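Would you mind keeping the following structure in view while I ask a few things?
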Amino acid sequence: MAERQTKHLLDFEKPLFELEQKLEEMRNLDSGRTTAVVNRSLRSLEKRVSVLRTSIYENLTRWQRVQIARHPDRPYTLDHIAGLTDGFIEFHGDRLFGDDPAMVGGFATFKGSRFGFTDRTVMILGQQKGRNTKARKYRRFGMPNPEGYRKALRLMKLAAKFNKPIITLLDTPGAFPGLEAEERGQAQAIALNLFEMARLPVPIVVNLIGDGASGGALGIGVGDRILMMENAWYSVISPESCSSILWRSWDYKEEAARALKLTAADLIDIGVIDEIVSEPTGGAHSDPEKAIHSLGEAIARNLEELDGFSTAELLKNRLAKFDGMGVFEEN
Amino acid sequence: MSWFKRQAKGIKTALNDQINVPEGQWVKCPGCSQPLNARELGNNLLVCPKCTYHFKMTSQDYFELLFDDRKFRIFDDNLISVDPLDFTDKKAYTTRLKNTRKKTGLSDSARAATGKVGGHSVSMASMDFSFIGGSMGSVVGEVITRAIKRACRKKTPLILITQSGGARMMEGALSLMQMAKTAANLTKLSDKGLPFIVILTNPTTGGVTASFAMLGDVHIAEPGALIGFAGPRIIRETMGQDLPDGFQKSEFVQEHGFIDMIVERKDLRGRLIHLLHLFMEAVPLAD
């Protein structure tokens, strides 16, 4: 995030930004000669900024949350890995076809002691987006090819071999919908991950940190605990694609976002996720360090809790968890 | 709401009534553009006699085609989709469900059955594209899951016939979770050393392909079936170019290593029996 240059503004953040700029100007004016009057208006403006930020962020629509989830300054997988671990060693390649830069992963020391728990070796992996045009293209916008899912599976099996817990970070607009991805079996790669993750004999903590679209996200999303950041979204399809299919137009993405009930608050109600990880007011992009810290605390606590289960219990509970998903009536 | 509660066991619709044209009428074959007599087509398992284009069959047709003496017992057709998200696009999901049940006489897009195939007891489930594009929501996930559990419990092979546009949008993340639910339950079938045969029919795409349809011990496809993850339209948009002929068709998917065999509809039952003989004879089963 160090290379962040321009401030990316979401539409609904503009009034806040304008007020913040005013505050900044006033502070600059103030330099040198502080008077009681200036100080008072400074305090009042600061308060207005804070109130406005709170009111915007407490009344977000589902579509606005989708926009926050995609904010270009939001912490991505490698930012979380850098913040949560020491000595991350990235492993490359699926040993079958190639290496996919849209999926990254490796062993590292998870800094649990920062949250009052123990440090421990983990396998940490997830979809990776790029931050500038070149990087975005290189990371394929965080949309993995089959070799990405196969690399993830290889790494997770390594973790199982060495009896290390797995942390997955989900952040993708979907699996890459390309000709070659189809030729190399995108569907089979995802399907096999779901199957194998259901029976990997080590704890798996799944974290939704931004975009969570469809099978492309779920492909590394089966585990014992499903944590979701407050402004992340997770659904069977993106609001745009849903709009295009059901409304036959790209213009109904806000309605689609509303209909899909894709926010953390929606999903905890229907049992798809276990825990909401709160973000700083203003979204994770307004204070990435704080956001990463919140996620770290939640992961540390959940890893500790999962230590209490035998492998047999872990697997039984994991199956029961997914077996119980769905809502229907029996006549 | 008695129209989705079937009174008689099994629907007894003759195959030649399944096509949406009155008897004696003609349909144009999408494969060879030849006009086909509807009755003749019905008598030929809905396969074009001229070019072997495979028209879609219903779950009922497949059960009747595959089970010994067309005898089988239907399960779980009392499972009904509800509307957990209160989903409305141009139409309310509840209205869509109601209309579709009425139109198709089905309770949802997957049905399960047990019976014998070549003398072997099997657990089977089959999908219906006519029900919201064969899409998978909570009910389909549960029907498939129960078929898996039935196979585990009775120590029989599992046969799934897929025909689906993918996960059902109107149940959002719950539909997505059905992929994980079915895949996770399949690990139990695998642990027990029981065979799992998938018959992929036209079309099998999206979340169904990316879960149980690609987890079989044997993948059989009907000729010319569309099989893939992303649909051709979105791939065309992504690539910005036309797709090669036959892209995502059974033959293409087999060439790339994801299908064991392509079997014409008339030979499906025979092939299934052959495989079941191979798998089930003198195979000690784990508990």
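Letters A, B, ... are given to chains in the order of the sequence lines, protein chains preceding strands, and every chain is numbered from 1. Here the structure is a predicted model, which means the values were calculated and not measured.
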Turns out that what part of B:M239 lies under 4.5 Å from chain A's heavy atoms comes down to side chain
Exercise. How about A:L179 and B:P244: do any of their side-chain heavy atoms sit closer than 4.5 Å?
Worked result: yes
Step by step, would you call A:L218 with B:M179 a side-chain contact (heavy atoms from CB on, under 4.5 Å)?
CA-CA 9 Å; A:L218 183 65; B:M179 296 167 64; 3.8 Å; yes
Open item on the list: Side chains of B:M177 and A:Y234, heavy atoms from C-beta outward: is any pair under 4.5 Å?
Closed with: yes
So CG of B:N78 and CD of A:E330: to nearest 0.5 Å the spacing works out to 5.0 Å
Honestly, the part of A:E255 sitting under 4.5 Å from a heavy atom of chain B is neither
Nearest heavy-atom contact between A:G178 and B:I235 is C-CG2, 3.9 Å
To the nearest 0.5 Å, atom CE of A:M325 lies from atom OG1 of B:T145 at 12.5 Å
Compare all side-chain heavy atoms of B:N185 with those of A:L319 and state whether any distance is below 4.5 angstrom.
yes
A:G215 and B:F229 have their tightest heavy-atom pair at CA-CZ, 4.5 Å
Checked B:I234, B:T88, B:D89 vs chain A; the most non-hydrogen pairs under 4.5 Å come from B:D89
Applying a strict 4.5 Å limit to non-hydrogen atoms, the region of A:L262 in contact with chain B is neither
Value for CD1 (A:I270) from OG (B:S138), rounded to nearest 0.5 Å, stands at 8.5 Å
Under 4.5 Å to a heavy atom of chain A? For B:T205 that would be neither
Here the pair of heavy atoms bringing A:V236 nearest to B:G172 is CB-O, 3.3 Å
Bottom line for B:F252: the part with an atom under 4.5 Å from chain A's heavy atoms is side chain
>> Regarding A:E182 and B:K249, does a basic nitrogen lie under 4.0 Å from an acidic carboxylate oxygen?
In response: no
Heaviest contributor of heavy-atom pairs below 4.5 Å to chain A, chosen from B:R236, B:K91, B:K90, B:M169, is B:M169
Of B:T187, B:D108, B:L174, B:T238, the largest count of non-hydrogen pairs under 4.5 angstrom with chain A goes to B:T187
task: Report yes if the side chains of B:R233 and A:P177 come closer than 4.5 Å at any heavy-atom pair, otherwise no.
output: no
Closest non-hydrogen contact found for A:A191 with B:M214 is CB-CB, 4.0 Å
Applying a strict 4.5 Å limit to non-hydrogen atoms, the region of B:L215 in contact with chain A is side chain
The reported gap from CD in A:Q188 to NE2 in B:H256 (rounded to nearest 0.5 angstrom) is 13.5 Å
When the 4.5 angstrom heavy-atom criterion is applied to B:F212 and chain A, the contacting part is neither
Bottom line for A:S243: the part with an atom under 4.5 Å from chain B's heavy atoms is neither
request  = For atom CZ of A:R248, decide whether the heavy atoms of other residues, nucleotides or ligands shown that lie under 6.0 angstrom number more than 12.
outcome  = no
Among A:K321, A:E196, A:K261, A:R318, the residue with the most heavy-atom pairs under 4.5 Å to chain B is A:K261
_Derivation and outcome, side-chain contact (heavy atoms from CB on, under 4.5 Å), residues B:S190 and A:F195_ = CA-CA 10 Å; B:S190 178; A:F195 182 87; 3.8 Å; yes
Chain B shares the most heavy-atom pairs under 4.5 Å, among A:I190, A:L194, A:L267, A:L246, with A:L246
Heaviest contributor of heavy-atom pairs below 4.5 Å to chain B, chosen from A:N193, A:I273, A:D269, A:I245, is A:I245
Okay, A:V327 and chain B: the region with an atom under 4.5 Å from a heavy atom over there is both
Carboxylate-amine/guanidinium proximity below 4.0 Å for B:K188 and A:D323: no
Residue from B:E171, B:E142, B:E237 scoring the most non-hydrogen pairs under 4.5 Å with chain A is B:E142
Under 4.5 Å to a heavy atom of chain B? For A:F176 that would be side chain
One should read off an interatomic distance between A:L192 CG and B:S211 OG, to the nearest 0.5 angstrom, of 12.5 Å
Rounding to 0.5 Å, atoms CZ (B:F87) and CZ (A:R258) come to a distance of 11.5 Å
Could you go through B:T182 and A:F322, starting from their C-alpha distance and side-chain angles, then the distance that decides it, and tell me whether this counts as side-chain contact (heavy atoms from CB on, under 4.5 Å)?
CA-CA 9 Å; B:T182 52; A:F322 285 92; over 6 Å; no
Test side-chain contact (heavy atoms from CB on, under 4.5 Å) on B:L176 and A:S235 and set out the steps.
-> CA-CA 7 Å; B:L176 185 64; A:S235 195; over 6 Å; no
